[in-house]
Amino acid sequence: METESRLRVLVVDPDTTRRERIVGFLGNASVAAVADWETARDIVRQEPPSLLLVASEVVARPEPLGSAHLPFELAESVVKVVILREGEGVTPEFLASGFHAVLYDPVTLVDCERVLALASAILEHTADAARRRLRVMEALRQLEVEVLALADVTPNWLGRSLELLRRLLGAPAIALWVLVDGPDQLRCRSAVGLPDQYVAGVEQGSLGRAKEILDLLVQAPLRPIELHPESPDPRVVSPVDVRQDLGLRHALAIPLREGARIRGFMAVYFSEQAPFLSEDLPLYDAAASILAAALAISRARHQLVVSQHVLSELIEGLYVGVVVCDLEGTVLMANRAAARLIGLADRSPVGFSLPAVVRTRTELPWETWRQLSPGTTSDAVIVQVITPDHRLREIEFRVQAIELPDERAGWAPRLQVLLQDVTLERRRLLELELLQDLTRMVTDHRDLDAAFRMVAERLQRDFGYALVGLAVLSPDRQRFIGRAIRTEGAVSFNEWLTTRGVTGRALRENRSQLVVNVREDPDYFEPLPGLAVESEIVVLLRRWGEPIGVLNIESNAGHRLDEEDLRLAENVAVHLELLMEQVELTDRLSRQALTDPLTGLANRRALIDRLQQVTRDRRIETAAVMLIDFDGFKQLNDQRGHLFGDAVLQQVADRLVQHTRPDDLVARYAGDEFAVVVVDVGLSEAVEVAERLRRAVAREPVVHEDVAVNLTISIGLAIYPDHGKTPDDLIRVADEAMYRAKRRGGNSIALAGEPG
């Protein structure tokens, strides 16, 4: 791997045997291995590493709420991994204090490959924010195991875990709020960074309203809640003075679910110094998932004291699926979560062949799993599975080769399969990547058509949709015109009436549409023959609140779309709307930079740009340049005032535009001087145009505020390329000709090169 070959690895480990084994595992990377910090310091000075693996014996173990300190400074981009001795136990403090990962002795080849892959991924990201998110996401993945272990072995796990998460996420405060049914009140299960007055204020303010607040959270999109003093949000019940003193500006509330019930939420608080970043949403989701799982395990541990039978039921209800198979794939044991995740919620999978019963869109790598040696674990494989309710889910499969007692063969090889639903996490990451790429594309190139095509392609590829279409309204609002339509087959249309289909209904009702079963919808029509569709989503694209187009998504038969798909579509639509406004604003600013604010004509800069285009375009053989000056305009300004003069200039500018072609350029050159550029005309035609403009001004007075003013103009005319081949030359000779016309008494035309 090219990136791996660029990695410089420093191993600091006094254990000679382990140090040599790790060096052997690091493959093609450039490795330096030493036993102590003094030798390592010299290496760092000469060539700083990109990956540091350090044994816990030589680095001070951080306190529960402290930090681990290295004896010398390393760049922020260096990936730092600590190696723990066997028996050191759970150590999440390292992850929260700046280390990217923790390895446990004995270190395996898989462990080394994982940290090399992590270092390579961070090295490929040059942006500090992207590197930070990668580090935090990897730390959260490892921290999940540590927090689950803490929840299983100690009753004081929650406060410690919240502090670890707060430090890892860089948030001022985190709290876990739960619903107490009797008084219908929110109670703080644990909090870090919040004073007692704040906690007491929330608990008192939520009395009698907790269920209402939870309902509002569930119905609202995952967005930060404003905490300013005048916030009208009904979810805000914290005391104003306390949160002002704390400097809190926003709070992100992520509901925590137990089965079909919302029991509370994790709240992450933000300040001016630590603001909310939408790109970090997947990190907050992951943190909330860790807490939800740990809470389930903590409750299970508590129930163990009460009843072993109850404990078994709780473990059976965990969201992680567990399956044990023989090497041929026959299921020997499975919990209910596994049955649900692989699509057999109505019956146990025991006795079935796992590769045969899992309804996946791609084959499971079963042969690879069969070759695993006892004790080894496969890399995670993410597979798209169609569940019995026709939902498309992303399931992570992780397989470990084990040996279990067998009545006939003593110890027999088995495969333990762990299954986890990572749909939401992957969707959020894919969505984040899509929106980032969309922003970059439009910002850099301002090419909306290319952006539309990219959105359609990525939605179809990454989210498994059968058809994705983006269409805009025609100017008469009678038709939808396709700008990007992506599907596996050939589309038989590119325009359709706004009175037709679910798209037409979305426009009439002015709201998004989610049709779960299109066969039951009378408005649905097939976009192309033979495409068996299950569901359809239509989301409106708006500008200034008015519909201007639609984003249309359809799924294959058996793949049922839901509210999460609708949320994704609406997020993409909102992002497209913002980018379309950005492009429109950029274009408007560009036009303003080339426009005279008084007359609305092109300005001097636009004139020069047009002349540069004329003189550089080989397809243009000839052009006329006219400079126009008013006769006696200074006296008019002196007599009537500048406001009167400005009004006269505006009216004359309109006359000049009315007597030129749409492709001709009419510009305000300076003061009361105007310029006209006419392409592809000879001398005689140019003189006719100039004479037409002269007569248009002179033949009738300009009237403003009931005052009629008779005006005349003097015109200097130059022909490209006869009188000049550069913008400067053409303007200079036209200007000289214009002054000759004025010296003749005005109201006349003079040609460049003529005698005075």
Trainee: Gln612 side chain to Pro727 main-chain N or O, any donor-acceptor pair under 3.5 Å?
Mentor: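 Pair absent, no side-chain N/O of Gln612 close to backbone of Pro727.
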
Trainee: Could you give me the CA-CA distance, side-chain angles and deciding distance for Leu627 and Asp629, then say whether side-chain contact (heavy atoms from CB on, under 4.5 Å) is met?
Mentor: CA-CA 7 Å; Leu627 282 187; Asp629 188 52; over 6 Å; no

Trainee: Does Tyr465 form a side-chain contact (heavy atoms from CB on, under 4.5 Å) with Leu568? I'd like the steps, not just the answer.
Mentor: CA-CA 12 Å; Tyr465 300 137; Leu568 168 66; 3.5 Å; yes

Trainee: Looking at residues at least two apart in the chain, or sitting in another chain, which of them share a ring-ring contact (aromatic ring centres under 6.0 Å, His included) with Phe633?
Mentor: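 Result, ring-ring contact (aromatic ring centres under 6.0 Å, His included) vs Phe633: Phe630.
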
Trainee: If only atom types and distance count, is the side chain of Arg668 paired as donor or acceptor with the main-chain N or O of Gly671 below 3.5 Å?
Mentor: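 Answer holds: yes.
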
Trainee: Measure the CG-OH distance between Asp596 and Tyr669 for me, rounded to the nearest 0.5 Å.
Mentor: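 These two atoms lie 14.0 Å from each other.
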
Trainee: Decide yes or no for Leu711 and Leu636: does some side-chain heavy atom of the first lie under 4.5 Å from some side-chain heavy atom of the second?
Mentor: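 Yes. Closest side-chain heavy atoms under 4.5 Å.
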
Trainee: Rounded to the nearest 0.5 Å, what's the gap from CD1 on Ile713 to CG on Leu656? Could you check?
Mentor: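 With rounding to 0.5 Å, CD1 (Ile713) is 6.0 Å from CG (Leu656).
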
Trainee: Assess the residue pair Arg235 and Asp233 against the criterion (salt bridge (Lys or Arg N to Asp or Glu O under 4.0 Å)); give the C-alpha distance rounded to whole Å, side-chain angles, the decisive distance to 0.1 Å, and a yes or no.
Mentor: CA-CA 5 Å; Arg235 296 170 293 180; Asp233 197 316; 2.7 Å; yes

Trainee: Judged by atom type as modelled, is there a donor-acceptor pair below 3.5 Å linking the side chain of Thr615 to the main-chain atoms of Leu611?
Mentor: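 Confirmed, Thr615 side chain pairs with Leu611 backbone.
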
Trainee: Show the nearest heavy-atom pair for residues Arg505 and Asp523, with the distance to one decimal.
Mentor: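 Distance-wise, the nearest heavy atoms are NH1-OD2, 2.8 Å.
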
Trainee: Kindly assign one of parallel, tilted or perpendicular to the pair Trp496 and Phe480, based on the angle between their ring planes and the thresholds 30° and 60°.
Mentor: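 Judged by the thresholds at 30° and 60°, the geometry between Trp496 and Phe480 is tilted.
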
Trainee: Walk me through it: do Arg567 and Glu563 pass the test salt bridge (Lys or Arg N to Asp or Glu O under 4.0 Å)?
Mentor: CA-CA 6 Å; Arg567 185 203 62 80; Glu563 294 291 338; over 6 Å; no

Trainee: Could you tell me which non-hydrogen atom of Arg740 sits nearest to which non-hydrogen atom of Ala750, and how far apart they are?
Mentor: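 Distance-wise, the nearest heavy atoms are CB-CB, 4.3 Å.
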
Trainee: Please walk me through it: do Arg732 and Asp735 pass salt bridge (Lys or Arg N to Asp or Glu O under 4.0 Å)?
Mentor: CA-CA 5 Å; Arg732 178 178 53 79; Asp735 188 62; over 6 Å; no

Trainee: Between atom CZ of Arg243 and atom NE2 of His228, what is the distance when rounded to the nearest 0.5 Å?
Mentor: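 Interatomic distance, Arg243 CZ to His228 NE2, rounded to 0.5 Å: 8.5 Å.
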
Trainee: To the nearest 0.5 Å, tell me how far Leu246 CG sits from Tyr269 OH.
Mentor: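 Here the interatomic distance stands at 10.0 Å.
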
Trainee: Starting from the C-alpha separation in whole Å, work towards a yes-or-no answer on side-chain hydrogen bond (donor to acceptor under 3.5 Å, both in side chains) for Ser714 and Asp631.
Mentor: CA-CA 7 Å; Ser714 296; Asp631 300 324; 2.7 Å; yes

Trainee: Is Thr622 reaching over with its side chain to a backbone N or O of Gly682, donor-acceptor style, under 3.5 angstrom?
Mentor: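 Flag not set: sc Thr622 to bb Gly682 has no pair under 3.5 Å.
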
Trainee: Hey, could you give me the CG/OG1 distance between Leu473 and Thr503, rounded to the nearest 0.5 Å?
Mentor: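 Leu473 CG to Thr503 OG1: 9.5 Å, rounded to 0.5 Å.
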
Trainee: Would you say Glu688 and Val681 make side-chain contact, with heavy atoms under 4.5 Å?
Mentor: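 Result no, sub-4.5 Å side-chain heavy-atom pair not found.
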
Trainee: How about CG on Leu643, more than 12 heavy atoms from neighbouring residues, nucleotides or ligands closer than 6.0 Å, or not?
Mentor: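 Incorrect, the count does not exceed 12.
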
Trainee: Between Val572 and Leu576, is any pair of side-chain heavy atoms under 4.5 Å apart?
Mentor: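 A side-chain contact exists here, since the closest heavy-atom pair is under 4.5 Å.
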
Trainee: Leu566 versus Leu561: any side-chain heavy-atom pair under 4.5 Å?
Mentor: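 No. Closest side-chain heavy atoms not under 4.5 Å.
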
Trainee: If you look at every heavy atom in Glu536 and Asn552, which pair is closest and at what distance?
Mentor: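 Closest approach of Glu536 to Asn552: OE2-OD1, 2.7 Å.
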
Trainee: Does Ser474 form a side-chain hydrogen bond (donor to acceptor under 3.5 Å, both in side chains) with Asp476? I'd like the steps, not just the answer.
Mentor: CA-CA 5 Å; Ser474 62; Asp476 60 5; 2.4 Å; yes

Trainee: Can you check side-chain hydrogen bond (donor to acceptor under 3.5 Å, both in side chains) on Gln613 and Arg610, steps first, answer last?
Mentor: CA-CA 5 Å; Gln613 178 189 358; Arg610 179 59 171 152; 3.0 Å; yes

Trainee: Determine, stepwise, if the pair Tyr720 / Val625 fulfils side-chain contact (heavy atoms from CB on, under 4.5 Å).
Mentor: CA-CA 8 Å; Tyr720 166 80; Val625 179; 5.6 Å; no

Trainee: Give a yes or no answer on whether the side chain of Ser231 reaches the backbone of Glu226 with a donor-acceptor pair at less than 3.5 Å.
Mentor: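 Pair found, side chain donor or acceptor close to backbone of Glu226.
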
Trainee: Without swapping roles, check the side chain of Arg692 against the backbone of His659 for a donor-acceptor pair under 3.5 Å.
Mentor: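 Yes, the answer is positive, given that a donor and an acceptor are paired below the 3.5 Å cut-off.
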
Trainee: Within the side chain of Ser748, is there an N or O that forms a donor-acceptor pair under 3.5 Å with the backbone of Ala741?
Mentor: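 Indeed, once roles are kept as given, a pair shorter than 3.5 Å links the two residues.
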
Trainee: State, with a plain yes or no, whether a side-chain heavy atom of Ile715 is found less than 4.5 Å away from one of Arg694.
Mentor: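 Yes, their side chains come closer than 4.5 Å.
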
Trainee: Would you check if Glu700 and Arg655 make a side-chain contact, meaning some heavy-atom pair closer than 4.5 Å?
Mentor: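 In contact.
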
Trainee: Which pair of heavy atoms, one from Glu577 and one from Leu540, lies closest together, and at what distance?
Mentor: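 So the two residues come closest at OE2-O, 3.3 Å.
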
Trainee: Could you report the tightest heavy-atom contact between Leu551 and Ala569, atom names first, then the distance?
Mentor: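 Minimum heavy-atom separation between Leu551 and Ala569: CD2-O, 3.6 Å.
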
Trainee: Can you find a pair of side-chain heavy atoms, one from Leu751 and one from Leu683, that are under 4.5 Å apart?
Mentor: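 Yes; the side chains approach each other to less than 4.5 Å.
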
Trainee: Taking all non-hydrogen atoms of both residues, which atom of His704 and which atom of Gln651 are closest, and how far apart?
Mentor: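 Taking every non-hydrogen atom into account, CB-NE2, 4.0 Å.
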
Trainee: Is it true that Arg661 and Glu685 have a side-chain N and a carboxylate O under 4.0 angstrom from each other?
Mentor: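 Not counted as a salt bridge, because no side-chain N and carboxylate O are separated by less than 4.0 Å.
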
Trainee: Any heavy-atom pair between the side chains of Gln244 and Pro229 that's under 4.5 Å?
Mentor: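 Touching, per the 4.5 Å side-chain cut-off.
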
Trainee: Is the number of heavy atoms from other residues, nucleotides or ligands under 6.0 Å of Glu691 CD greater than 12?
Mentor: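 It does: Glu691 CD has more than 12 such atoms within range.
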
Trainee: Applying side-chain contact (heavy atoms from CB on, under 4.5 Å), run through Leu497 and Arg479 and close with a yes or a no.
Mentor: CA-CA 4 Å; Leu497 295 175; Arg479 292 167 294 125; 4.1 Å; yes

Trainee: Rounded to the nearest 0.5 Å, what separates atom CD1 in Ile749 from atom CE in Met738?
Mentor: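 The CE atom of Met738 is 13.5 Å from CD1 of Ile749, to the nearest 0.5 Å.
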
